[in-house]
Amino acid sequence: MGKLVICDHPLIQHKLTFIRDKNTITKDFRELVGEVATLMAYEITREAPLEHTTIETPVAEMESAVLSGRMIGLVPILRAGLGMVDGILQLIPSAKVGHIGLYRNEETLQPVEYYINLPTDAQERMLIVIDPMLATGGSANAALSALKKRGCTHLKLMVLIAAPEGVEAVRSAHPDVDLYVAALDERLNEHGYIVPGLGDAGDRLFGTK
Ligand code: URA
């Protein structure tokens, strides 16, 4: 079973409080989401493989560590996932960025893929699927399935706030995927919003509505 990591560093908890607050303005919301994404990127890369290379310091030759092995790709789910990309790139500037777009079929209520664009070497990368909110898990599961269908096997999911229903759905459909969340909230309400959550992440990021 993949890991469920709650990234509850005090800095993340502090910033999340202001992200959740309905009085936080769009500019601050966007900046704070980016900052939490950076901090979560630190956690998600904790086990990134290293290799050694020989360098010379001004004093001596030494073997020193550099990142190796599988490189990293980011796959934000449109549109709210975009709000976390720059924050992660601050820490992993060489990551390639793919995109996946999903809409909800109003009859079946199932997510339908309308856009996907991945790095050409996506199959060789560790891909981090990004979405601020994990509500029912429908979009995350569809995104993970879309990546697996294209041969991507090393997948992680990064979300800011998760509902227990979403965590359960992802872990049962994709037990191989590690899940990183900044907060695990109480439940979903009858409109599909996470409680207490933060409202609509896309609208708050982009100032719509
Ligand atoms: N998507 C959001 O943006 N917010 C929620 O609470 C649930 C899904």
Side-chain angles (χ1 to χ4, degrees), residues 4-8 12-13 15-41 74-88 97 99-116 128-147 155-174 177 179-209:
L4 169 61
V5 181
I6 314 279
C7 305
D8 58 357
I12 293 181
Q13 292 192 49
K15 290 175 192 297
L16 257 188
T17 297
F18 296 95
I19 288 173
R20 289 179 185 278
D21 189 334
K22 68 176 187 183
N23 295 313
T24 298
I25 62 170
T26 302
K27 170 182 170 292
D28 294 345
F29 184 91
R30 197 179 292 140
E31 284 173 8
L32 286 160
V33 167
E35 288 167 12
V36 170
T38 306
L39 293 166
M40 292 184 78
L74 312 181
V75 186
I77 301 178
L78 301 176
R79 89 187 140 140
L82 293 175
M84 296 171 73
V85 171
D86 287 350
I88 302 172
V97 184
H99 294 88
I100 181 157
L102 303 163
Y103 71 87
R104 195 160 80 138
N105 178 316
E106 291 306 330
E107 272 164 32
T108 63
L109 301 182
Q110 295 305 308
V112 180
E113 180 188 311
Y114 68 85
Y115 182 77
I116 185 158
I128 306 175
V129 175
I130 307 161
D131 201 352
M133 308 302 276
L134 178 61
T136 62
S139 302
N141 275 346
L144 292 165
S145 297
L147 294 173
L155 305 175
K156 294 180 190 273
L157 175 64
M158 185 198 283
V159 309
L160 290 189
I161 300 181
E165 295 89 332
V167 171
E168 174 57 32
V170 170
R171 285 170 73 72
S172 73
H174 297 286
V177 172
L179 173 53
Y180 290 75
V181 311
L184 185 55
D185 274 11
E186 287 165 24
R187 62 185 170 88
L188 289 179
N189 70 13
E190 61 280 18
H191 305 294
Y193 279 93
I194 298 176
V195 181
L198 53 69
D200 187 298
D203 283 341
R204 295 198 63 194
L205 275 167
F206 297 108
T208 44
K209 269 215 190 118

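Everything quoted here is computed from the prediction, not taken from an experiment. Ligands are counted one by one from 1 in listed order, and the atoms in each one are counted from 1 as well.
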Would you call G192 a ligand 1 contact, heavy-atom distance under 4.0 Å? yes
Within 4.0 Å of some non-hydrogen atom of A201, the atoms of ligand 1 are 2 (C), 3 (O)
Just distances here: any N/O of [X] and N/O of ligand 1 closer than 3.5 Å?
{"X": "G199", "answer": "yes"}
{"X": "A135", "answer": "no"}
{"X": "I194", "answer": "yes"}

Margin query: Looking at Q110, is its backbone amide N or carbonyl O close enough to the side chain of N105 to form a donor-acceptor pair, meaning the two atoms are under 3.5 Å apart?
Written below: no
Quick one: does any side-chain atom of R187 pair with a main-chain N or O of P164 as donor and acceptor, under 3.5 Å? no
Indicate whether any N or O donor in one side chain lies under 3.5 Å from an N or O acceptor in the other, for R30 and T24.
no
In terms of heavy-atom contacts, V33 and M84 come closest through CG1-CG, 3.7 Å
Checklist entry - Salt-bridged, R204 to D28, with N to O below 4.0 Å? => result no
